[in-house]
Protein chains: 4
Amino acid sequence: MSQRQSKSEEAGSRENERRRTILRAAIDVFARKGYHGCRIADVAREAGVAYGLVYHYFKNKDELLETVVETGWSGFVSRLRAVAEDESSSLEQKVHGIAEVAFEAYRVDPRAVKVLILEVARSPAGTQVVSRQQAFLDTIRMSAEMFSRAQAAGELRADADPMLCASLLFGAIEMGLTAFVSGLVEDRSPEALERAKVQIANSFLHGVLPGATTSSEVSWKQEKASSGTRPKAGKRS
Amino acid sequence: MSQRQSKSEEAGSRENERRRTILRAAIDVFARKGYHGCRIADVAREAGVAYGLVYHYFKNKDELLETVVETGWSGFVSRLRAVAEDESSSLEQKVHGIAEVAFEAYRVDPRAVKVLILEVARSPAGTQVVSRQQAFLDTIRMSAEMFSRAQAAGELRADADPMLCASLLFGAIEMGLTAFVSGLVEDRSPEALERAKVQIANSFLHGVLPGATTSSEVSWKQEKASSGTRPKAGKRS
Amino acid sequence: MSQRQSKSEEAGSRENERRRTILRAAIDVFARKGYHGCRIADVAREAGVAYGLVYHYFKNKDELLETVVETGWSGFVSRLRAVAEDESSSLEQKVHGIAEVAFEAYRVDPRAVKVLILEVARSPAGTQVVSRQQAFLDTIRMSAEMFSRAQAAGELRADADPMLCASLLFGAIEMGLTAFVSGLVEDRSPEALERAKVQIANSFLHGVLPGATTSSEVSWKQEKASSGTRPKAGKRS
Amino acid sequence: MSQRQSKSEEAGSRENERRRTILRAAIDVFARKGYHGCRIADVAREAGVAYGLVYHYFKNKDELLETVVETGWSGFVSRLRAVAEDESSSLEQKVHGIAEVAFEAYRVDPRAVKVLILEVARSPAGTQVVSRQQAFLDTIRMSAEMFSRAQAAGELRADADPMLCASLLFGAIEMGLTAFVSGLVEDRSPEALERAKVQIANSFLHGVLPGATTSSEVSWKQEKASSGTRPKAGKRS
DNA sequence: AATGAATGAGTCTTCATTCAT
DNA sequence: TATGAATGAAGACTCATTCAT
């Protein structure tokens with residue numbers, strides 16, 4: 001009995017392993033060449049499996065990318081949601097938290113992030129199944145709601161458009177990551193990444209002009225000190 | 001003589017007209033379907049010319065995109081450069097100016113902007129001729145230098161990385177535009193566009209938190225008043 | 001000892017059973033989708049066995065069809081031969097007998113007949129192993145000989161070509177069955193089938209024109225009366 | 001003007017010529033290997049054109065076959081209809097006429113007939129677009145109506161099923177032709193063909209038994225005499 | 001014997017690019 | 001210049017067959 005069980009277990013895990021191997025390879029090739037530039041043959045070669053096996057695990061090229069996206073995206077989104085909907089934290093904390101989630105994702109798997117950025121965030125409207133594009137837009141909408149609530153609570157300028165705030169924040173994060181992805185920034189050390197993360201959140205919150213707010217200056221510095229952990233709220237008087 | 005001249009002139013202008021027709025069509029189709037999703041046949045049909053004629057004016061599909069980009073980009077970049085390197089204006093003015101240039105481009109030709117955003121800003125590294133990607137990165141580098149100079153002049157927080165500032169600014173602008181391009185924002189009226197432009201510049205400069213700086217509050221309002229024209233400097237004490 | 005024997009016997013019968021299950025499934029799927037339109041996977045699914053097991057029992061797809069054909073065909077042919085070479089019966093009896101054999105086969109297993117008709121009787125010459133096509137042609141040749149002998153005995157018009165007679169008879173029978181197979185005829189009741197069988201034999205023998213021969217008219221009616229059993233000779237004066 | 005006209009005319013004819021060349025090649029290859037056995041590459045090679053050109057003229061493989069069928073079939077059907085619905089001729093004449101039409105088609109283009117027989121008449125139901133199968137069945141239905149009318153006029157045995165009569169006639173014709181197509185009959189001379197045609201019609205009408213009808217005997221002989229021309233009515237007393 | 005994952009050759013189809021007119 | 005037919009390389013997808021367990 002245990003034999004049988006272990007057999008099916010092994011089979012299951014081996015199958016999953018294969019599947020993951022192919023998914024992994026797909027992520028890498030997509031990241032390197034983009035969806036259109038990558039051929040199934042590349043993925044198969046990268047994964048070290050036969051051509052046809054890709055089709056054993058995925059219906060077609062499109063489903064492969066779809067899966068790549070879903071896999072990477074769903075975790076990201078749920079983590080994001082946890083941050084955005086945490087009732088106990090301030091807007092500042094949330095913004096820092098969002099940056100943290102994004103940069104953490106990049107730290108863990110830069111290539112996957114690259115795929116998400118390149119193939120999901122932007123791409124011609126008609127091209128893809130709704131879901132992909134939608135996934136990204138939904139994320140922005142979710143954040144927009146976060147900003148709406150913050151505005152109602154007086155934590156956000158009254159004259160700021162929440163939807164636009166969400167767009168700007170993600171735009172800044174994304175381009176900040178792009179700066180790393182694209183090699184615009186040479187120093188890709190963990191420290192540089194950490195600094196970038198803090199700067200993004202802080203410039204979004206307090207702007208880039210000098211001496212704007214003393215309090216924020218403080219929290220900015222604090223932020224740098226507590227980097228790598230979930231940011232504690234910097235209290236403004 | 002004048003005949004001949006006018007003949008070649010006419011021919012020249014007719015030729016140019018054809019060329020422009022095709023370019024125009026290419027922009028529209030690229031914007032609609034993306035570079036990979038569009039076929040030469042689509043461009044020809046859109047332009048109302050014969051299939052082969054596209055190849056009479058452009059060496060190949062890639063050159064077509066290249067030309068689209070150059071045409072749209074070069075004007076954009078030179079206008080950007082004028083703003084960024086204007087010795088007489090403050091950083092605040094420059095940032096507002098950059099947003100203005102970007103939004104003006106969108107106002108004039110949203111589809112062209114869409115192509116630039118989708119096909120130029122992001123796309124797998126190896127895919128394209130250096131120039132395209134490079135063009136975008138160069139723009140960011142130019143802006144980074146602007147931020148460097150401003151930092152030296154004390155106009156920018158000392159602890160902000162100029163390159164990152166440039167990335168964030170363009171990221172915010174781009175995603176702001178994307179919000180319009182992608183239909184995330186319903187209200188695409190000139191006023192909404194104008195408001196978005198101001199908000200982007202101001203949140204970049206002063207952050208989104210409420211009551212941050214009185215002075216910026218003032219310039220924010222001023223900005224709204226002078227919208228649509230090249231921004232005059234909002235003086236900070 | 002008996003244990004061992006029964007073991008291998010059981011195994012043998014179980015094996016045979018499996019084999020037959022697969023063969024049965026193959027017939028059904030071939031009948032439904034045709035040889036080319038069906039995949040091994042279809043056969044396996046229909047049989048409720050694992051993919052690879054089909055290859056345990058049959059060398060390849062072609063052998064599968066070959067076996068289907070042989071199995072169905074050999075019985076058919078030997079029954080046909082028995083009728084055609086029965087020295088004691090008249091040509092009329094033989095023709096009725098042939099129709100009976102064909103329709104009986106259809107009654108017993110219409111799907112198998114469909115496969116034989118679709119995949120064996122007609123199919124491009126070069127496509128298949130000789131045997132399949134050959135099998136069908138041999139049957140016609142055998143019947144042609146029957147007609148030859150009948151002609152020598154004065155039972156067949158002197159100016160009729162025996163080979164052509166055989167072709168016509170089988171063509172009529174086959175298309176008659178096709179009318180049922182293809183749904184051209186709605187009424188597929190046993191009675192309708194019986195009537196069709198008689199009509200085929202009789203029109204082949206006496207033609208379709210009215211009042212041709214009194215005697216045949218008689219035998220025609222008699223035929224209808226004795227339908228369902230091996231036809232007794234209709235006496236010609 | 002005439003230049004232009006001739007130009008487009010030439011182009012039209014050249015285009016049509018190409019199209020026809022490919023169609024011709026398709027017929028030949030289909031006839032040789034059948035639909036499934038033939039590759040687009042074969043057709044292109046046979047036609048002496050580039051691979052892709054086939055797709056310039058035909059949407060895909062299926063449309064190619066569809067066109068082959070339509071082209072060959074429509075003419076056949078209309079000729080058949082003319083015979084079947086000719087109010088002035090007797091059933092005998094009509095049957096002979098139908099055989100004549102079929103054999104004439106074979107004489108003109110045996111390969112096309114082979115394709116029609118192999119790919120249209122029989123093939124699994126689900127496989128093809130309705131039209132193909134339907135085309136054949138419609139032809140039989142049309143003939144069935146002819147037999148119905150004849151029966152009402154007393155020209156057909158009262159106890160014969162018209163639909164079955166139609167099936168039998170076409171079955172006999174088709175298998176008769178198959179005997180030639182498949183090489184079952186060695187003598188493929190025009191005379192042999194002619195004889196076969198007459199025998200088919202006559203055995204269908206009067207049966208194969210000897211001495212059945214004096215009158216028919218006469219018409220049978222007459223038939224042979226007038227072979228090659230549209231059969232004149234053999235009067236029955 | 002039984003399973004179903006793995007393999008890869010064979011085809012269709014697309015589409016950028018060339019070429020004859 | 002203008003046209004659109006002609007070319008053929010590239011790549012997605014299928015499925016018969018093999019193989020390890």
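Quantities reported herein were computed from a predicted structural model and do not represent experimental measurements. We name chains A, B, ... by the order of the sequence lines, and we start the count at 1 in each one.
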Asks: Expressed as a whole number of angstroms, how long is the span from K59(D):NZ to dT13(E):P?
Replies: 9 Å
Asks: Could you tell me whether R32(D) and D28(D) have a side-chain N and a carboxylate O separated by less than 4.0 Å?
Replies: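 Not counted as a salt bridge, because no side-chain N and carboxylate O are separated by less than 4.0 Å.
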Asks: Under 4.0 Å from OP1 or OP2 of dA6(F): is there any side-chain N or O of R18(D) that close?
Replies: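 So the side chain of R18(D) is within the cut-off, an N or O lying under 4.0 Å from OP1 or OP2 of dA6(F).
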Asks: Does the structure show a Watson-Crick or G-U wobble partner for dC15(E), both distances under 3.5 Å? Name it, or say none.
Replies: dG8(F)
Asks: Taking the nucleotide of DNA chain E with the nearest heavy atom to each, does V49(A) or N60(B) sit closer to the 5' end?
Replies: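 Whichever sits nearer the 5' end wins; that is V49(A).
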Asks: Give none if dT21(F) has no partner; otherwise give the nucleotide forming a Watson-Crick or G-U wobble pair with it, both distances under 3.5 Å.
Replies: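 dA2(E) - that is the nucleotide pairing with dT21(F), both distances being under 3.5 Å.
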Asks: Could you tell me the separation between the OH atom of Y35(D) and the C1' atom of dT11(E), rounded to a whole number of Å?
Replies: 12 Å
Asks: Tell me which nucleotide among dT17(F), dT3(F), dA6(E) gets nearest to the side chain of Y57(A).
Replies: dA6(E)
Asks: Would you please confirm or rule out a distance under 4.0 Å between OP1 or OP2 of dT1(F) and any side-chain N or O of H56(B)?
Replies: yes
Asks: A50(A) side chain: which of dT7(F), dA5(E), dG8(E) is closest?
Replies: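 It is dG8(E).
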Asks: Rounded to the Å, how far apart are I40(B) CD1 and dA5(F) P?
Replies: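 After rounding, the gap between these two atoms is 17 Å.
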Asks: Taking the nucleotide of DNA chain F with the nearest heavy atom to each, does Y51(B) or V54(D) sit closer to the 5' end?
Replies: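 Of the two residues, Y51(B) wins.
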Asks: So with a 6.0 Å cut-off around CZ of R111(C), is the heavy-atom count from everything else above 12?
Replies: no
Asks: Expressed in angstrom and rounded to an integer, what is the separation of R39(B) atom CZ from dG4(F) atom P?
Replies: 17 Å
Asks: Could you walk me through whether K59(B) and E66(B) pass the side chain to side chain contact (heavy atoms under 4.5 Å, CB included) check?
Replies: CA-CA 11 Å; K59(B) 213 180 93 214; E66(B) 207 70 16; over 6 Å; no
Asks: Does OP1 or OP2 of dA5(F) have a side-chain N or O of R19(D) closer than 4.0 Å?
Replies: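 The answer is no; no side-chain N or O of R19(D) sits under 4.0 Å from OP1 or OP2.
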Asks: Between Y57(B) and L23(B), is there a side-chain heavy-atom distance shorter than 4.5 Å?
Replies: no
Asks: F58(A) has an atom CZ; how far is it from atom C1' of dA6(E), in whole Å?
Replies: 15 Å
Asks: Quick one: E17(B) CD to dT1(F) C1', roughly how many Å, whole number?
Replies: 14 Å
Asks: For H36(B) and dT14(E), give me the distance from atom NE2 to atom C1', rounded to whole Å.
Replies: 14 Å
Asks: Do K33(B) and R39(B) come close enough that some side-chain heavy atom pair is under 4.5 Å?
Replies: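 They are in side-chain contact.
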Asks: On the nucleotide dT17(E), are OP1 or OP2 found under 4.0 Å from the side-chain N or O atoms that Y55(B) carries?
Replies: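 For dT17(E), OP1/OP2 do have a side-chain N/O of Y55(B) under 4.0 Å.
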Asks: Atom CG of L64(B) and atom P of dT17(E): how far apart are they, to the nearest Å?
Replies: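 Interatomic distance, CG of L64(B) to P of dT17(E): 10 Å.
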Asks: Which is more 5' along DNA chain F, the nucleotide nearest G52(D) or the one nearest K61(A)? Just name the residue.
Replies: G52(D)
Asks: What does L53(B) touch in the nucleic acid at a heavy-atom separation under 4.0 angstrom: a base, only the sugar-phosphate, or nothing?
Replies: base
